[in-house]
Amino acid sequence: MIVSVLVTNTDPTRPINTETVVFTAPSGTRLTNGYACISWRSNGGDVYEEYPGTLTSNDTVSTCSGVSVNLAPNESLVLYTQIVIESGASLGSYSVRVGLGSPEFATGNAPFTIV
């Protein structure tokens with residue numbers, strides 16, 4: 001399953017450049033490969049990039065360093081990764097936590113539902 005979060009630079013003066021991205025999967029799920037993927041629409045069409053990450057031993061946290069976020073004020077992009085639902089996971093609504101920066105300066109949640 002692909003989970004995503006929209007990232008918007010709301011600082012009126014400071015750009016967001018190359019940053020560390022950390023994904024944290026909730027109980028009953030795990031990250032499949034630890035990659036951070038970003039996409040955005042430019043004048044030439046859709047752009048897609050992948051950045052490898054380092055997974056924890058239980059595949060629930062991935063740290064991706066050197067992600068070229070490159071957002072000027074008021075620009076946005078989609079940040080996403082892939083998770084697997086483990087057998088026996090409880091039904092319900094969950095979120096993958098996404099942290100941006102080192103030190104972290106922004107967080108978000110990529111929601112999904114197990115039905």
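Rounding to the nearest 0.5 Å places CG of D46 at 7.0 Å from OG of S39. One distance of note links OG1 of T60 with CG of L55; it measures 8.5 Å at 0.5 Å rounding. To the nearest 0.5 Å, the span separating CG on L71 from CG on L77 amounts to 4.5 Å. Of the inter-residue distances, the one linking L31 atom CG with Q82 atom CD reads 10.0 Å to the nearest 0.5 angstrom. The CG atom of L79 lies 8.0 Å from the SG atom of C64; values are rounded to the nearest 0.5 Å. Annotation: the span from T32 atom OG1 to D59 atom CG amounts to 9.0 Å, rounded to 0.5 Å.
N109 contributes no side-chain N or O that, together with a main-chain N or O of P111, makes up a donor-acceptor pair within less than 3.5 Å. A distance-only check finds no donor-acceptor pair linking the side chain of S4 to the backbone of Y80 [under 3.5 Å].
When all heavy atoms of R30 and A25 are compared, the pair lying nearest together is CA-CB, 4.3 Å.
Proximity of T107 to R97: side-chain heavy atoms (C-beta onward) are separated by under 4.5 Å at one or more points. M1 places a side-chain heavy atom less than 4.5 Å from the side chain of I83. Between I38 and Y48 there is no side-chain heavy-atom pair separated by less than 4.5 Å.
Each of V21, V22, T56 was compared with T63 under the side chain to side chain contact (heavy atoms under 4.5 Å, CB included) criterion, and only V22 meets it.
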